[in-house]
J.: 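This is the structure, below, for whatever I ask next.
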Amino acid sequence: MTALERIERIQIDMAGDQQPAPAQVREFELALCGLLGQFAREATLAEIEFKRVIAASRIGAKSIAEAKVVAEAQPAYGTYRIAAMNHEQCLEMVRTCRGFSRSLSEEMRLQR
């Protein structure tokens with residue numbers, strides 16, 4: 001199972017008809033935190049590559065804006081955007097799991 005498939009599986013489980021168990025949410029959070037580093041690294045490497053493309057585009061461009069438009073037409077930009085999106089998606093899922101856990105803890109505290 002790929003990292004993206006794992007995130008999609010967690011999203012499906014979190015959005016399902018039944019509320020996930022607290023232990024399952026903790027497992028989700030741990031898995032997502034592990035993936036977060038991988039996605040951050042991929043996003044950083046893709047950003048570096050895209051900046052190299054921008055720099056190369058500046059050679060024949062009249063302005064920085066023109067160089068950026070030319071660079072955004074290159075495959076490196078798509079790779080960069082996908083990597084950044086994956087990182088952000090994983091980060092949001094971590095936040096969701098933490099919010100869910102806090103909510104459950106608060107409910108249990110109020111029931112006492």
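Nothing fancy with the numbering, it's 1 onward along the sequence.
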J.: If every non-hydrogen atom of Leu32 is compared with every non-hydrogen atom of Cys90, which pair is closest and at what distance?
T.: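 Heavy atoms of Leu32 and Cys90 come nearest at O-SG, 3.3 Å.
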J.: Which pair of heavy atoms, one from Pro22 and one from Leu104, lies closest together, and at what distance?
T.: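 For Pro22 and Leu104, the tightest heavy-atom pair comes out as CG-CD1, 3.7 Å.
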J.: With a cut-off of 6.0 Å (strictly less than), are more than 12 heavy atoms of other residues, nucleotides or ligands near CD1 of Ile64?
T.: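 Not buried by this count: 12 neighbours or fewer within 6.0 Å.
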J.: Can you list the residues that meet the side chain to side chain donor-acceptor pair (under 3.5 Å) rule with Arg9, with sequence neighbours excluded?
T.: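 With sequence neighbours excluded, Arg9 shows a side chain to side chain donor-acceptor pair (under 3.5 Å) to Asp13, given in chain and number order.
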J.: Are any non-hydrogen side-chain atoms of Met85 and Arg81 less than 4.5 angstrom apart?
T.: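 No, too far: nothing below the 4.5 Å cut-off.
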J.: Return the CG to CD1 distance between Leu4 and Ile82, rounded to the nearest 0.5 Å.
T.: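 It is 9.5 Å, given to the nearest 0.5 Å.
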J.: Please assess Phe50 against Glu72 for the test side chain to side chain contact (heavy atoms under 4.5 Å, CB included), listing each intermediate value before the final yes or no.
T.: CA-CA 8 Å; Phe50 175 61; Glu72 287 176 352; 3.9 Å; yes
J.: If you compare all heavy atoms of Ala67 against all heavy atoms of Ser57, which two are closest, and at what distance to 0.1 Å?
T.: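 So the minimum-distance heavy-atom pair works out to O-CB, 3.4 Å.
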J.: Quick one: CE on Met14 to CD1 on Ile7, what's the gap to the nearest 0.5 Å?
T.: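 If I round to the nearest 0.5 Å, the distance is 13.0 Å.
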J.: Only counting residues at least two apart or in another chain, list the ones meeting ring-ring contact (aromatic ring centres under 6.0 Å, His included) with Phe28.
T.: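 Here no residue qualifies.
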J.: Is the shortest heavy-atom distance from the side chain of Phe100 to the side chain of Pro20 under 4.5 Å?
T.: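 Yes. Closest side-chain heavy atoms under 4.5 Å.
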J.: Does the side chain of Cys33 reach to within under 4.5 Å of the side chain of Met93, using non-hydrogen atoms?
T.: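 No - every pair of side-chain heavy atoms lies 4.5 Å or more apart.
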J.: Any salt bridge between Arg102 and Glu106, counting N to O under 4.0 Å?
T.: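 Salt bridge: no.
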J.: Excluding sequence neighbours, so at least two apart, what forms side chain to side chain donor-acceptor pair (under 3.5 Å) with Lys68?
T.: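 Lys68 satisfies side chain to side chain donor-acceptor pair (under 3.5 Å) with no other residue.
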